[in-house]
Amino acid sequence: PATGGVDSSVALELVKRQGFTPRAFYLKIWLEDELAHLGECPWEEDWDYASQVAKQSGTPLEGVSLQREYWDQVVQYLIEESRAGRTPNP
């Protein structure tokens, strides 16, 4: 996955130097409905940065929507464990 951050940018370059032809993925896990009321879309800045890094390295970038999976496997677990009085284990 590519965030466009330092770690993924360096990893992308190292993989390319080793002779591989990587593909970059931006994982969309934010909850769009939950963020809609905020009036800001902070993910757009991340996407733009990841796009610039991918373009500079000549690597295709694909956005992968995982909002439903994130809700089902992370958020729902957090809610259930909290309701049960337990500390969720990330």
Side-chain angles (χ1 to χ4, degrees):
T3 60
V6 173
D7 292 346
S8 50
S9 301
V10 170
L12 177 62
E13 183 60 30
L14 291 174
V15 166
K16 288 187 70 140
R17 285 184 186 182
Q18 293 177 14
F20 294 97
T21 306
R23 289 176 54 199
F25 297 93
Y26 182 84
L27 305 180
K28 301 175 187 176
I29 60 170
W30 65 89
L31 305 173
E32 292 180 74
D33 293 339
E34 299 300 320
L35 295 176
H37 72 280
L38 297 175
E40 293 184 22
C41 295
W43 67 268
E44 290 176 335
E45 186 176 321
D46 292 342
W47 172 260
D48 289 343
Y49 192 74
S51 296
Q52 291 172 13
V53 169
K55 183 178 179 180
Q56 182 178 358
S57 73
T59 303
L61 175 65
E62 180 180 342
V64 179
S65 175
L66 295 173
Q67 288 101 327
R68 173 55 44 203
E69 291 84 352
Y70 185 72
W71 175 265
D72 291 344
Q73 297 178 25
V74 177
V75 177
Q76 198 61 36
Y77 167 74
L78 172 74
I79 293 168
E80 291 169 5
E81 290 298 296
S82 296
R83 283 185 179 154
R86 297 185 292 262
T87 301
N89 182 2

Check your understanding: Counting N and O atoms only, with roles assigned by atom type, does the side chain of K16 sit under 3.5 Å from a partner on the main chain of S57, one being a donor and the other an acceptor?
Key -> yes

Check your understanding: Can you check whether N89's main-chain N or O pairs, donor with acceptor, with Y77's side chain at less than 3.5 Å?
Key -> yes

Heavy-atom pair of closest approach, residues [X] and [Y]:
X	Y	answer
K28	G63	CE-CA, 4.1 Å
P22	V15	CB-CG1, 4.0 Å
A24	T59	N-CG2, 3.8 Å

Report the distance from atom [atom1] of [X] to atom [atom2] of [Y], rounding to the nearest 0.5 Å.
X	Y	atom1	atom2	result
E62	Y26	CD	OH	14.0 Å
E13	Q18	CD	CD	10.5 Å
I29	R68	CD1	CZ	14.0 Å
Y49	S9	OH	OG	5.0 Å
L78	T87	CG	OG1	10.5 Å
D48	K55	CG	NZ	11.5 Å

Check your understanding: How about Q56: does its CD atom have over 12 heavy atoms from other parts shown lying under 6.0 Å from it?
Key -> no

Review point. Do L66 and F25 touch side chain to side chain, with heavy atoms closer than 4.5 Å?
Key: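 Side chain of L66 against side chain of F25, heavy atoms only: no contact under 4.5 Å found.
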
Exercise for review: Decide whether F20 and V10 are clustered together by the hydrophobic rule: side chain heavy atoms of Ile, Leu, Val, Met, Phe, Trp, Tyr closer than 4.5 Å, transitively.
Suggested key: no

Exercise for review: Please step through side chain to side chain contact (heavy atoms under 4.5 Å, CB included) for the pair L61 and W47, ending with a clear verdict.
Suggested key: CA-CA 10 Å; L61 175 65; W47 172 260; 3.8 Å; yes

